[in-house]
A.B. asks: 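I have a structure I would like to understand better, so I am pasting it below and will then ask my questions one at a time.
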Amino acid sequence: MTKKNVVEFRAMKQRGEKIAVLTAYDASCSALLMRAGIDVILVGDSLGNVVQGHSTTLPVTVEEMLYHTQCVRRGAPDAFVISDLPFLADSTPVMVIENAGKLIKQGGAQMVKLEGGANQVRNVELLTAHQIPVCGHLGLLPQSVHKVGGYRVQGRDEVGAALILADAKALEAAGADMIVLECVPSLLADQIRLSLAIPIIGIGAGVGCDGQVLVLYDMLGLTSGKRPKFSHDFLVDSRGIQEAVETYVKAVKAGKFPANEHSFS
């Protein structure tokens, strides 16, 4: 596979070529994802839910993110890896640089992801000034679950939609190289995609995004309890995990996933 980078992802957006992203937390899964043709591996703080068994991502620490990022990098040495900055790891300028630096220098990530819009502009500017690629995260913010009152679709009203669009533009202007949009109406996601030059990766944001990301456990039907509306069990009709991931990649690339039933209006 051709090694990916931030320049290539922008070129993929310009060509209309979809970007396929999945989470991974260990060497074995990351190696499998690379064999299946995934473009990006996200070491998400979702490990707090699917690996550690917490009800939220909030307990996850920088040290745990570093450990899992190192595991993923060992399993997929040529992968493009994004690592999440966990809850409160970006609270001060010193903390955001130190913690992002750990994930890049010691973990082997090529990009860090942080949640929030206008409140993160200074951090994005700071990381960009230190040559650290940044992925923003807007819409439903799992680290803000207590503040917003649960896992709810965001941006359905005019005011909320305008705020998310403004936040996306602010993150891009600050130097962000990519943005994840989670649980927002498809029409809003389309508007944001058309308004920005950087790739927009959707999760519950409709098929119009420049790429898609899912939690690996969700798309393999391993999630305990109810699977999120925006996900699909790709393993149920496959002969194994690698075929399921290959099917996911093909569906994303062809614009067949997500379908209407995985999206919000």
Side-chain angles (χ1 to χ4, degrees), residues 4 9 18-54 56-62 64-76 79-87 89 103 107-115 135-137 139-143 145 151 178-183 199-205 209 211-225 227-235 241-242 244-249 251-252 257-258 262:
K4 298 296 195 303
F9 293 134
K18 301 287 188 177
I19 302 167
V21 187
L22 282 171
T23 65
Y25 317 101
D26 61 68
S28 297
C29 285
S30 61
L32 183 148
L33 296 191
M34 287 305 296
R35 291 195 299 270
I38 206 72
D39 293 313
V40 179
I41 297 175
L42 170 63
V43 187
D45 60 1
S46 50
L47 67 89
N49 304 109
V50 299
V51 176
Q52 298 175 337
H54 297 298
T56 71
T57 65
L58 303 183
V60 178
T61 67
V62 173
E64 289 166 344
M65 289 303 308
L66 176 59
Y67 168 79
H68 286 279
T69 303
Q70 290 169 334
C71 291
V72 166
R73 174 52 71 205
R74 284 191 287 268
F80 189 91
V81 175
I82 303 174
S83 187
D84 271 345
L85 282 168
F87 183 56
L103 297 175
Q110 285 123 314
M111 179 181 283
V112 296
K113 182 168 75 67
L114 44 74
E115 295 185 10
C135 178
H137 187 147
L140 173 62
L141 306 178
Q143 293 178 12
V145 62
Y151 297 97
M178 185 180 289
I179 293 176
V180 168
L181 274 183
E182 182 169 358
C183 289
I200 304 300
I201 309 299
I203 177 167
C209 294
Q212 301 292 331
V213 60
L214 285 178
V215 171
L216 181 63
Y217 287 62
D218 290 344
M219 60 80 62
L220 293 177
L222 300 177
T223 307
S224 60
R227 187 175 68 245
K229 167 186 167 67
F230 53 73
S231 188
H232 174 75
D233 184 352
F234 284 86
L235 185 59
I241 293 176
Q242 180 153 336
V245 175
E246 290 171 352
T247 301
Y248 166 78
V249 172
V252 170
F257 178 83
H262 309 116

A.B. asks: Listed by chain and number, what are the side chain to side chain contact (heavy atoms under 4.5 Å, CB included) partners of L140, not counting sequence neighbours?
C.D. replies: Y151, Q154, E182, C183

A.B. asks: Test of understanding: with side chain to side chain contact (heavy atoms under 4.5 Å, CB included), list the residues that count as partners of H232, not counting sequence neighbours.
C.D. replies: F234, F257, H262

A.B. asks: What do the steps show when you test I179 against H137 for side-chain contact (heavy atoms from CB on, under 4.5 Å), and what is the final call?
C.D. replies: CA-CA 6 Å; I179 293 176; H137 187 147; over 6 Å; no

A.B. asks: Go through the structure and list residues passing side chain to side chain donor-acceptor pair (under 3.5 Å) with Q70, not counting sequence neighbours.
C.D. replies: none

A.B. asks: Side chain of D84, backbone of P86: donor and acceptor closer than 3.5 Å?
C.D. replies: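 The answer is no, because no donor-acceptor pair under 3.5 Å joins these two groups.
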
A.B. asks: Would you say N49's side chain and H54's backbone share a donor-acceptor pair under 3.5 angstrom?
C.D. replies: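 Such a contact is found between N49 side chain and H54 backbone.
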
A.B. asks: Could you check whether any side-chain N or O of Y248 sits under 3.5 Å from a backbone N or O of L216, counting only pairs where one atom can act as donor and the other as acceptor?
C.D. replies: no

A.B. asks: Can you measure from OG (S231) to CD (Q212) and round to the nearest 0.5 angstrom?
C.D. replies: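 Those atoms lie 11.0 Å apart.
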
A.B. asks: Measure across A89 and V62 and return the closest heavy-atom pair with its distance rounded to 0.1 Å.
C.D. replies: CB-CG2, 3.6 Å

A.B. asks: If I take atom CG from residue L214 and atom CZ from residue R227, how far apart are they, to the nearest 0.5 angstrom?
C.D. replies: 10.0 Å

A.B. asks: D218: which residues meet the side chain to side chain donor-acceptor pair (under 3.5 Å) condition with it, sequence neighbours left out?
C.D. replies: T223

A.B. asks: Suppose we screen for salt bridge (charged side-chain N to carboxylate O under 4.0 Å, His left out). Which residues come up paired with K18, at least two apart in sequence or across chains?
C.D. replies: none

A.B. asks: To the nearest 0.5 Å, tell me how far C209 SG sits from I19 CD1.
C.D. replies: 10.5 Å

A.B. asks: Shortest non-hydrogen contact from L220 to L235?
C.D. replies: O-CD2, 3.5 Å

A.B. asks: How close do S83 and M65 get, heavy atom to heavy atom, and via which atoms?
C.D. replies: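 Looks like OG-CE, 3.7 Å.
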
A.B. asks: For T61, enumerate each residue passing the side chain to side chain contact (heavy atoms under 4.5 Å, CB included) test, keeping only those at least two apart in sequence or located in another chain.
C.D. replies: E63, E64

A.B. asks: Applying side chain to side chain contact (heavy atoms under 4.5 Å, CB included), can you list everything that pairs with A76, at least two apart in sequence or on another chain?
C.D. replies: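 Applying side chain to side chain contact (heavy atoms under 4.5 Å, CB included) to A76 gives S30, M34, I41, A79.
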
A.B. asks: Would you give the length of the straight line joining atom CG of D45 to atom CG of L85, rounded to the nearest 0.5 angstrom?
C.D. replies: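 If I round to the nearest 0.5 Å, the distance is 9.5 Å.
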
A.B. asks: Using side chain to side chain donor-acceptor pair (under 3.5 Å) as the criterion, list what pairs up with H68, not counting sequence neighbours.
C.D. replies: none

A.B. asks: Between atom CD1 of I203 and atom OG of S46, what is the distance when rounded to the nearest 0.5 Å?
C.D. replies: 8.0 Å

A.B. asks: Who pairs with Y217 by ring-ring contact (aromatic ring centres under 6.0 Å, His included), at least two apart in sequence or on another chain?
C.D. replies: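 Result, ring-ring contact (aromatic ring centres under 6.0 Å, His included) vs Y217: Y25.
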
A.B. asks: Please report the interatomic distance CD(E246) to CZ(R35), rounded to the nearest 0.5 Å.
C.D. replies: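 E246 CD to R35 CZ: 9.5 Å, rounded to 0.5 Å.
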
A.B. asks: Using the test side chain to side chain donor-acceptor pair (under 3.5 Å), find all partners of T57 that sit at least two apart in sequence or belong to another chain.
C.D. replies: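 Here no residue qualifies.
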
A.B. asks: In a check of side-chain contact (heavy atoms from CB on, under 4.5 Å) between Q143 and each of L114, L58, T56, which one passes?
C.D. replies: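 Of the listed residues L114, L58, T56, the side-chain contact (heavy atoms from CB on, under 4.5 Å) partner of Q143 is L58.
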
